[in-house]
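Reading through the structure tokens given below for one structure.
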Amino acid sequence: MSWETVIGLEIHAQLATRSKIFSGASTAYGAEPNTQACAVDLGYPGVLPVLNAEAVRLAVRFGLAIGASISERSVFARKNYFYPDLPKGYQISQYELPIVVGGSIRIGLDDGGEKHVAVTRAHLEEDAGKSVHENFDGESGIDLNRAGTPLLEIVSEPELSSAVEAVAYMRTVHQLVRYLGICDGNMQEGSFRCDANVSIRQVGDEQLGTRTELKNLNSFRFIERAINYEIERQIDVIEDGGEVVQETRLYDSDRHETRPMRSKEDANDYRYFPDPDLLPVVLDSNYIETQRAALPELPEARQQRFVQSFGLSRKDAAVLTGSRETADYYEGLVEYLKGEHKLAANWVNGELAAALNRDSTGISEARVTPKLLAGLLQRIVDGTISGKIAKEVFEAIWQGEGEADDIIESRGLRQISDSGELETIIDQVLANNPSQVEQYRGGAHKVLGFLVGQVMKATGGKANPGQVNELLRTKL
Amino acid sequence: MQRSTIAELSRQLRGGSVTSRALVERYLAAIEALDGSINAFITVCGEQALAAADAADELLQSGQAGPLTGVPLAHKDIFCTTDAPTTCGSRMLEGYVSPFDATAVERLRAAGAVLVGKTNMDEFAMGSSTETSYFGPTGNPWDLNRSPGGSSGGSAAAVAAGMIPAGTGTDTGGSIRQPAALAGVTGFKPTYGRVSRYGMVAFASSLDQAGTLTLTAEDAAILMEAMAGFDPRDSTCADLPVPAYTDALNTSLAGKRIGVPKEFFDAGLDSDNEQCVREAIAVFEEQGATVVEVSLPNLHLSVPAYYIVAPAECSSNLSRFDGVRFGHRHEEVTDLESFYKLTRKEGFGPEVKRRIITGAYVLSAGYYDAYYLKAQQVRQLISEDFKRCFAEVDLLAGPTTPTPAFLLGEKMDDPVQMYLNDIYTIGVNLAGLPGISVPCGLVRGLPVGLQLIGPQFGESAVLNCAHIYQQQTQWHDLVPAISASGSDGDSR
């Protein structure tokens, strides 16, 4: 039998507001447990939620960026269920009238093609706290710092047909929310995570198969592995004559398996109803247009522009526009380096990326700023140093030793291009290596490389290799 | 000792003929003498009250006092206070002290009022008799075998008996006006959104509104000027200026149009009660108002609609009482489910459970449209009925309750009978309107109330009309059998 997979994703993006969605408590990550939860977050008797306007603004930005319609009136609803890390016994979310409706995300496919994935909706909601089960001697601890953190839940249509596509979609959304500055995208801290609805059906079937919902997917690798595991599991179940049970399954990354959390039978009836403590969110077209005008250039458009204006390959442009910070860095760099777009791209994607990666530094915090890097690359362009020496200088700038010119000067790295000086060195090398000279003159031109190497060695790499080649040939 | 209004006490305090300390001592003595039999207070905070009184006396001496400086006050035990427990009449919150003051409390404190105690109430404000309180029922000072109504029965009884000059209350379906009527005091519920709900333990969020229980409409106006107004902590609180209610109290009623909804005079209304209300309405005509009959055709749907909307909201609002962070907790359990079940089983009384179950039912999948959504539509119809009336008239007048005070225990086994006691008050909550109940007569020796209802944010007109009525009548001066002035029949 031939199976096809149907996947829909629910992405939870934590919105980058300073305070919580319904209270003034801080959203900063990593504080001591329960130090960033005020009476409102704790659901104390008598408290009331007040909507954070910034969370609304960030949600609207997302909606506009994916071509969705922004609801002029959206309504917060209560999702009722009991859990110790849910302080009020309900989560404030949006149900019938979400703030963002429709829109789509374009993803690139492995075969070079692309696919538009429809977004059903994106709605605002508050996060719950965390239950901590380790170190409590069989009991559970509750940390409510996260309670009330604003989330945008982005729900896709079930239009993804493989784990690879799901990851591509997730990556594209991840890139977009960071471009928009609405989410820091930090997956380790849970700022960006997703649940996946997975089902399979026989190729050609119109009807969707029974789906399972996979929870706890907090890295791109886990998403792919969990979905692939689940697809295999469902195929096995059906091919063994069984039926897939509609249930929520937890992905265990240590054991690489999904296992049931709760079945449809014990699924909660959430008893949604409009939250009477909050007024409907009413947005006029003025507000929406102001937000639209404030949108930054989006990744796709920027990539396109990099190809067209800078003459970069699609691949280079894609890497450079992978994050808004990288693209900003690159554009800052080429401001100083007119016409040297390819060289700039090679250095940003090569040496700089490697150094950032090695030291786990973000590009915005890089010690080699666009200006410093430009100063260095300028010296390659004008022939002062070779590309190889430039790497040494780059490392010195990275270590904080100053600007390229100072380092080149103080370390004496300037390329020797005075032919008089070079000729003296070359004469010396030829005198020291008579047998190689003999060989060359006998027709073994391969030894030229050896002789060039000797000259480079004698100059400490500072000679211009082209010039050395030329001079050697003439003398031989 | 006689019962005194805030207006009188304020004059005396600022005139220097009495100190706040002396007043607080006097009211503490009255509570000491009477509350053993009435049970209007859950908490009496004597020491703090005396300390606050001393601070008020200093202010009074420095000449910086406002109209409420040094005036003793009680809060219904639904308002969060940092210096006294807030139990909401429930075992669930026995001994619970809030980390913050309710906005209404904060504002009255800032205005100089001295908190003397927290008053008894139906558990989580669910009830019409103050009998569902975990801390025992409150007796009606007119007849201790009878209920003072509810849920703000503690404040109503305390004011009636002269144990406090005024108290706060909350009104979700009549919980200020009905006890005011049954205990013979003045109970004022402003427009929904006029007083912040922040720090008021929520029962039904779209209906709850804070208000006052006082001896006079003038006192209600004085308290309202301190309590009312926008609060950024409550999204449903109206961002509108608060008029000077006391300035408008003596405006003439000449030319005013008062509507009498015919549905208020149905078969359920006690005929003696009706007589009192009709006589009261005649007073307005004497004052130059025109009285016309109007109709609220959907009013009969208000009780069923209310008993869907209010329980639905309460079922969700009370979910936070889970034993995890505060309140009652069943300690010896091994699993989460029994922890919840036992905590909530022990913490809540039967009426609260009944409403939580009702509320969860009407919100559940497959029933939501048939109940909750339909009730919201009915609510809309009722609001429109009122709106139509207010296109024609300035105020509506009618009875507050169908009967005078009922016996304790009389309706406890019949929730529907209990619910029907709020038949004239509930519609006002569903429409979010301001309403007042003022004493308008005695029926078989028990007080009955006249209800006045205004359009949205029409508090001034309601208080004005009630004040004029009280200038013309003495019903609000009648003192119950059990009171601080003893049984000698003195007025006030």
Side-chain angles (χ1 to χ4, degrees), chain A residues 22-24 34 37-53 76-92 95-96 128-129 131 133 138-144 147 264 266-282, chain B residues 78-80 86 88 90 92-93 96 98-103 105 124 196-202 204-208 231-237 309 312-313 315-327 336-337 339-340 344 359-368 372-373 376:
Chain A
F22 299 119
S23 85
N34 299 311
C38 68
V40 174
D41 308 320
L42 294 170
Y44 269 59
V47 298
L48 294 170
V50 176
L51 178 60
N52 182 342
F76 283 101
R78 294 184 183 178
K79 179 181 181 178
N80 294 284
Y81 65 96
F82 284 96
Y83 203 68
D85 59 24
L86 185 72
K88 299 184 294 296
Y90 57 84
Q91 178 194 26
I92 305 177
Y95 186 55
E96 286 181 326
S131 296
H133 302 295
E139 300 193 329
S140 294
I142 309 290
D143 178 6
L144 295 174
K264 192 187 174 189
D266 20 270
N268 284 300
D269 175 353
Y270 292 120
R271 308 190 312 278
Y272 281 101
F273 74 107
D275 191 330
D277 287 334
L278 290 160
L279 304 175
V281 181
V282 177
Chain B
I78 199 167
F79 288 95
C80 289
T86 301
C88 238
S90 181
M92 189 58 95
L93 284 178
Y96 170 76
S98 173
F100 56 89
D101 274 339
T103 299
V105 170
F124 285 101
S196 170
R197 291 188 295 115
Y198 190 81
M200 243 168 71
V201 181
S205 312
S206 72
L207 301 159
D208 295 344
D231 176 9
R233 289 174 295 190
D234 175 3
S235 314
T236 63
C237 189
V309 174
E313 293 180 6
S315 72
S316 175
N317 282 334
L318 270 59
S319 292
R320 70 191 60 201
F321 301 103
D322 57 4
V324 175
R325 295 163 318 285
F326 45 75
L336 187 59
E337 195 169 318
F339 171 76
Y340 284 144
R344 288 167 67 84
Y361 178 79
V362 300
L363 288 176
S364 58
Y367 295 96
Y368 178 85
Y372 187 77
L373 215 55
Q376 291 293 7

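Model, not experiment: these values are computed from the prediction. First the proteins, then the strands, lettered A, B, ... as listed; each starts at 1.
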Got more than 12 heavy atoms from elsewhere within 6.0 Å of OH, A:Y83? no
Heavy-atom cut-off 4.5 Å, strictly under: side chain, backbone, both or neither for B:V201 against chain A? both
Using a 4.5 angstrom heavy-atom cutoff, name the option from A:N80, A:D277, A:D275 with the most pairs to chain B. A:D277
Where the side chain of B:S319 meets the backbone of A:F82, is there a donor-acceptor pair that is under 3.5 Å apart? no
Checking heavy atoms, do the side chain of B:F339, its backbone, both or neither come under 4.5 Å from chain A? neither
Measuring only between side-chain heavy atoms, which start at C-beta, is B:F100 closer than 4.5 Å to A:C38? no
Heavy-atom pairs under 4.5 Å with chain B: which of A:L144, A:V40, A:L86, A:L42 has the most? A:L42
Got a second to check how far A:F273's CZ is from B:S206's OG, nearest 0.5 Å? 8.5 Å
How would you list, by chain and number, every residue that makes a salt bridge (charged side-chain N to carboxylate O under 4.0 Å, His left out) with B:D208, sequence neighbours excluded? none
B:A360 portion near chain A, given a 4.5 angstrom heavy-atom threshold: both
Can you say whether B:Y367 sits under 4.5 Å from chain A via the side chain, the backbone, both, or neither, judging by heavy atoms? neither
Taking the side chain as C-beta and beyond, is there a heavy-atom pair between A:V50 and B:P232 under 4.5 Å? no
Tell me, for B:A365 versus chain A, whether the close heavy atoms (under 4.5 Å) come from the side chain, the backbone, both or neither. both
Residues A:Y90 and B:S316: closest non-hydrogen pair is CD2-OG, 3.2 Å
At a 4.5 Å cut-off on heavy atoms, which part of B:Y198 comes close to chain A: side chain, backbone, both, or neither? both
Of all heavy-atom pairs linking A:R78 and B:E313, the shortest is NH1-O, 4.1 Å
Heavy-atom pair count under 4.5 Å with chain A, highest-scoring of B:N317, B:V324, B:L93: B:N317
Output all residues satisfying salt bridge (charged side-chain N to carboxylate O under 4.0 Å, His left out) with B:R325, sequence neighbours left out; order by chain, then residue number. B:D322
So, B:R320 versus A:Y44: side-chain donor-acceptor pair below 3.5 Å or not? no
Would you call B:T86 and A:P45 a side-chain contact if the rule is heavy atoms closer than 4.5 Å? no
Under 4.5 Å from any heavy atom of chain A - which part of B:L373: neither
Heavy-atom contact with chain A under 4.5 Å, split by part of B:I78: neither
Work out which heavy atom in B:S235 is nearest to a heavy atom in A:L278; give both atom names and the distance. OG-CD2, 3.9 Å
Could you look at A:Y272 and say if it's the side chain, the backbone, both or neither that has a heavy atom under 4.5 Å from chain B? backbone
